[in-house]
> 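To start, I am sharing the structure in question, which I have written as structure tokens.
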2 protein chains.
Amino acid sequence: MELGSRLAGTVRPGGRTAKVRAAVLQATQDELAERGFHRLTMDQVASRAGIGKTTIYRRWGTRVRLVTDLMRELAERSLPPPGAGSVEDVLMASARSVLESLTDPHLGVTLQAVIAAAVSDEEAAGALRAFYDRRIGEWARFVDAAVDRGELPPGTDGAELIRAVSAPLYYRLMVVRHPLDETTAARSVARALIAARAGAFVPT
Amino acid sequence: MELGSRLAGTVRPGGRTAKVRAAVLQATQDELAERGFHRLTMDQVASRAGIGKTTIYRRWGTRVRLVTDLMRELAERSLPPPGAGSVEDVLMASARSVLESLTDPHLGVTLQAVIAAAVSDEEAAGALRAFYDRRIGEWARFVDAAVDRGELPPGTDGAELIRAVSAPLYYRLMVVRHPLDETTAARSVARALIAARAGAFVPT
């Protein structure tokens with residue numbers, strides 16, 4: 001129900017198509033949170049949403065498509081890049097955004113489910129690549145602007161710097177399975193920034 | 001069959017118990033490579049290994065336990081830390097070890113399957129945490145020795161530095177889904193080392 005209110009603002013109001021989508025994404029989120037991706041089934045989602053199975057199969061086809069649609073929807077609700085700022089401000093805002101996304105009970109569960117699905121599903125892998133390339137590109141513009149202002153060495157790869165700030169957070173949460181906090185985010189920014197100022201993000 | 005020969009050297013020879021384990025881990029690996037974790041079943045593993053289902057259920061209980069047993073077995077076959085060396089040599093060897101592990105057709109598939117399983121399975125998460133804490137600890141000793149020799153600022157956290165070198169490789173392969181190569185590994189080492197020399201791995 002909580003997600004219902006969150007999704008309500010993003011799904012275009014009105015038509016039956018939009019209402020079906022909102023109900024189905026809500027049911028997908030609830031099933032994902034309660035049962036995990038392994039045990040998510042199209043039939044359960046249909047039943048929970050109160051929508052006919054044929055509608056769901058026709059519109060989404062597979063559970064991976066359902067979950068990637070949900071991921072995109074939730075991501076649009078998450079905080080956008082903060083606009084201009086010093087490179088340190090931009091990197092800290094991006095690290096906080098990753099921290100919040102990964103620990104958000106809705107978006108975090110969904111992102112991790114898609115990352116897990118992508119290990120053995122090419123369609124999920126493609127959706128993930130497109131999703132992160134777009135999100136990282138949005139943040140990288142602000143790093144590129146800081147490079148243009150002379151805050152970092154000319155030629156610094158902004159997208160690569162955003163990825164370097166994000167990587168330790170994902171790795172810590174999903175691989176070595178240690179808890180994430182604000183300190184993790186701040187350290188990641190401090191380390192990447194030292195390397196960036198020394199020119200280590202200028203491709204050779 | 002290829003894995004059979006790889007496992008043959010590590011599973012203690014002789015007794016029936018050892019033979020059962022080798023056959024079961026071999027079948028688990030083959031099923032994992034062909035079908036992925038989502039579609040791995042205990043029954044299929046039993047059938048492929050030619051071992052009774054009750055034996056497999058009694059000894060491993062769940063498919064997560066099967067896969068984590070396989071992960072540990074394969075990891076013992078992977079290259080050990082290189083012994084003493086400059087901190088740059090140690091970090092480069094650790095980055096190469098991660099690169100090789102993740103792209104190895106046996107160990108890479110298995111590690112990624114366990115990382116995926118850990119998203120929705122506490123037992124897999126615990127096995128993963130214990131596995132990486134041990135592996136990272138083995139590598140960190142060589143960084144700690146370099147710190148003692150004065151190559152890095154006193155108090156540098158060796159385990160955290162090893163994690164910082166590994167993180168971009170896992171993140172790139174599993175999250176943003178870009179290909180890994182030797183350049184990725186070398187850049188990760190160069191960036192982490194600049195930050196480490198500046199004292200950014202000394203806890204404050």
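Side chains included, hydrogens not; waters and symmetry mates left out as well; all remaining heavy atoms used. In this text the structure is predicted, and so the values were computed from the model without any measurement. Proteins get letters first, then strands, A, B, ... in listed order; numbering begins at 1 in each.
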> Do you know which of A/S188, A/A167, A/A116 has the most heavy-atom pairs under 4.5 Å to chain B?
A/A167
> Could you tell me how the ring of A/Y171 sits relative to the ring of B/Y170: parallel (under 30°), tilted (30 to 60°) or perpendicular (over 60°)?
tilted
> Looking at A/E100 and A/R96, does any basic side-chain N land under 4.0 Å from a carboxylate oxygen?
no
> I want to check a possible cation-pi pair here: A/R72 against A/F131, using under 6.0 Å from ring centre and within 45° of the ring axis as the test.
no
> Between B/D69 and B/R21, does any NZ, NE, NH1 or NH2 come within less than 4.0 Å of an OD or OE carboxylate oxygen?
yes
> Counting only heavy atoms closer than 4.5 Å, note whether B/L169 contacts chain A via side chain, backbone, both or neither.
neither
> Determine whether more than 12 heavy atoms belonging to other residues, nucleotides or ligands lie under 6.0 Å from atom CD of B/E88.
no
> If I measure from the heavy atoms of chain A, does B/A113 come under 4.5 Å with its side chain, its backbone, both, or neither?
backbone
> With a 4.5 angstrom heavy-atom cut-off, which part of B/R197 approaches chain A: side chain, backbone, both or neither?
neither
> If you tally heavy-atom pairs under 4.5 Å against chain B, which of A/A198, A/S166, A/A196 wins?
A/S166
> Report which part of A/R35 has an atom under 4.5 Å of a heavy atom belonging to chain B: side chain, backbone, both, or neither.
neither
> With a 4.5 Å cut-off on heavy-atom pairs, point out which of A/I194, A/T183, A/V175, A/V114 contacts chain B the most.
A/V175
> Is any side-chain heavy atom of A/I115 less than 4.5 Å from a side-chain heavy atom of B/V119?
no
> Before giving the answer on salt bridge (charged side-chain N to carboxylate O under 4.0 Å, His left out), spell out for B/R63 and B/E123 the whole-Å C-alpha distance, their side-chain angles and the decisive distance to 0.1 Å.
CA-CA 11 Å; B/R63 61 194 195 135; B/E123 192 184 349; over 6 Å; no
> At a heavy-atom separation under 4.5 Å, does B/R172 approach chain A through its side chain, its backbone, both, or neither?
side chain
> So for B/A118, is it side chain, backbone, both, or neither that comes closer than 4.5 Å to the heavy atoms of chain A?
both
> Please classify the contact between A/L173 and chain B as side chain, backbone, both or neither, with a heavy-atom cut-off of under 4.5 Å.
neither
> Less than 4.5 Å to any heavy atom of chain A: does that hold for the side chain of B/A190, its backbone, both, or neither?
neither
> Between A/E160 and A/R163, is there a salt bridge with N-O shorter than 4.0 Å?
yes
